[in-house]
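The basis for the numbers below is simple: all heavy atoms, side chains too, and nothing from hydrogens, waters or symmetry mates.
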Amino acid sequence: MPTFFSSLSKNLMLKTGFVALALATATAGQAQSTAPEPFRFQFPAGYLGRLGGTEGVVDFGGEVTKVNAFGVRAFPLPTLQDLRVVLVKHNKYWEYNISTRIKDTTLLAGIVNNGDAPAGVAKVEVTHDPFKGIQYGASIQGYQGDPYIARFNVGYASTLWQDRIRILNTVGISAENKLFAPYTFSQVNGGYGEPIGQQFNWRLDSTARLYTFPLNDKAQWSVDISPSLEYRPGAGVTLNLSHLERFAGGEVALPSFNLARYEESNATITYRIPGTPEFGIGAVRVRGSRNWTSDYTYLRNDVLLNIKALPFLIGPSIGYQWGPAKDGSASQMLYAIVVMGK
């Protein structure tokens, strides 16, 4: 009997040990499987597509050894909401701002470009401008910390001819330094185009505007007419021609609203190289522009590289600017970094 009970006790202890070991192993495995995974950063959906709107800025002016400006515009942050950042170093100031667009509303805050001025323009803007419906906007901007333009407007936009024509009417109030004036703004714009065979495509766009300043007895009208033509003579080759004519008359009460007579012609020929490798030349482009109003002519030559990881082509641009001055003081070489969609 003692032998039997002793053997039974040993068997029970062995079985209990195996069960405990099995439970411990299962518990350890379960704890391991439920442990949190290490953090892995992921870009939001569609982020790479946002990079197509990024603009690299490298402005050498007329001297390769002198950089007038460098940086980036419209660079998207890796956030769910499409936030765009501008960061450009100019000779005399930094240009930096952040903007986004939410449900037809543009929000912007920061320092914006101010040309050759010794400082940028501080600006805050809210603009709600859907293609159709209620419109409103408010902005304030200042130079060297002193506000000099504040503006608020509200209006409505409608369309005609299957949305080919857009009609906008707004009323607003604007102040510039010591000048203050309520105003109205009306604009009608639209365009129409048709293909001609398989190689040609023409289009005509136009815009008519009218500013009135009731308390100042002033008004200004302007009309833009812009015909364009696209020609595809062969595979990968595209020729684009466009011209802008602006006519204007009348007088404005606030300088920032003023529009004057303007003429400009543009021609671009692009060759997209077929069968581009993962890294190589994706396209070459020649751009010519003539500013008839100010008597400037520009010629630019672009070489655009295809890099597999980027959703756009990017590369150097070398050109020349012919100015109106007969002594050549307004003429110079042009250097830049350019971007084009794939």
Side-chain angles (χ1 to χ4, degrees), residues 38-91 94-101 108 110 112-113 201 228 230-242 266-289 298-321 332-342:
F39 174 76
R40 295 179 182 178
F41 178 79
Q42 291 184 346
F43 288 103
Y47 176 76
L48 292 180
R50 300 180 195 173
L51 291 170
T54 302
E55 175 189 353
V57 178
V58 180
D59 179 13
F60 294 96
E63 304 177 28
V64 179
T65 57
K66 180 182 178 181
V67 180
N68 293 331
F70 66 91
V72 64
R73 290 193 177 102
F75 183 82
L77 296 179
T79 55
L80 292 178
Q81 176 62 35
D82 188 3
L83 299 173
R84 301 290 176 125
V85 171
V86 172
L87 184 62
V88 179
K89 174 65 172 70
H90 296 267
N91 282 336
W94 281 89
E95 172 192 356
Y96 56 91
N97 59 74
I98 186 168
S99 63
T100 188
R101 189 162 178 85
L108 181 145
V112 298
N113 188 18
N201 196 346
S228 60
E230 181 182 85
Y231 173 49
R232 298 180 179 272
V237 181
T238 305
L239 172 65
N240 294 97
L241 303 173
S242 65
N266 292 279
T268 302
I269 183 166
T270 306
Y271 175 54
R272 293 181 178 269
I273 299 174
T276 304
E278 294 183 358
F279 178 80
I281 298 178
V284 291
R285 181 175 63 183
V286 178
R287 296 176 289 151
S289 180
Y298 307 89
L299 180 65
R300 296 176 173 87
N301 302 279
D302 309 331
V303 178
L304 296 126
L305 301 176
N306 178 52
I307 302 173
K308 184 181 179 181
L310 300 178
F312 51 81
L313 305 178
I314 185 171
S317 174
I318 301 176
Y320 195 78
Q321 166 190 302
Q332 62 177 349
M333 294 292 295
L334 302 172
Y335 306 93
I337 301 295
V338 292
V339 175
M340 184 173 71
K342 285 187 176 180

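Shown here for Thr100 and Asp82, the closest heavy-atom pair between the two residues is OG1-O, 2.8 Å. Nearest heavy atom pair, residue Lys89 against residue Trp94, reads CD-CE2, 3.2 Å. When every heavy atom of Pro316 is checked against every heavy atom of Val338, the shortest pair comes out as O-CG2, 4.4 Å.
Shown here are the ring pair (Phe, Tyr, Trp, His ring centres under 6.0 Å) partners of Tyr231, two or more places apart in sequence or in another chain: Phe200. Contacts of Asn306 classified as side-chain hydrogen bond (donor to acceptor under 3.5 Å, both in side chains), with partners at least two apart in sequence or in another chain: Lys342. Partners of Thr79 under the side-chain hydrogen bond (donor to acceptor under 3.5 Å, both in side chains) rule, at least two apart in sequence or in another chain, do not exist in this structure. Residues passing the salt bridge (Lys or Arg N to Asp or Glu O under 4.0 Å) test with Arg272: none are found, sequence neighbours excluded. Judged as a side-chain hydrogen bond (donor to acceptor under 3.5 Å, both in side chains), and not counting sequence neighbours, the contacts of Arg73 are Glu95.
There is a side-chain donor-acceptor pair under 3.5 Å between Ser289 and Asn266. Using modelled atom types, one finds no donor on one side chain facing an acceptor on the other under 3.5 Å when comparing Thr268 with Arg287.
Annotation for Tyr96: atom OH does not count as buried by contact number, only 12 or fewer foreign heavy atoms lying within 6.0 Å. Annotation for Leu305: atom CG counts as buried by contact number, over 12 foreign heavy atoms lying within 6.0 Å.
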Exercise. Does the side chain to side chain contact (heavy atoms under 4.5 Å, CB included) test come out yes or no for Glu55 and Val72, once each step is laid out?
Worked result: CA-CA 6 Å; Glu55 175 189 353; Val72 64; over 6 Å; no
Exercise. After noting the C-alpha distance and the side-chain angles of Ile307 and Phe279, does the key distance pass the side chain to side chain contact (heavy atoms under 4.5 Å, CB included) rule?
Worked result: CA-CA 5 Å; Ile307 302 173; Phe279 178 80; 3.8 Å; yes
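Judged by distance alone, with hydrogens and angles left aside, the side-chain atoms of Tyr47 form a donor-acceptor pair with the main-chain N or O of Pro76 at under 3.5 Å.
Applying the salt bridge (Lys or Arg N to Asp or Glu O under 4.0 Å) test to pairs two or more places apart or on separate chains, those with a residue in residues 275-285 are Glu278-Lys308, Arg285-Asp302.
Under the side chain to side chain contact (heavy atoms under 4.5 Å, CB included) rule, Asn97 has a single partner from Val112, Val85, Asn113, Leu87, which is Val112.
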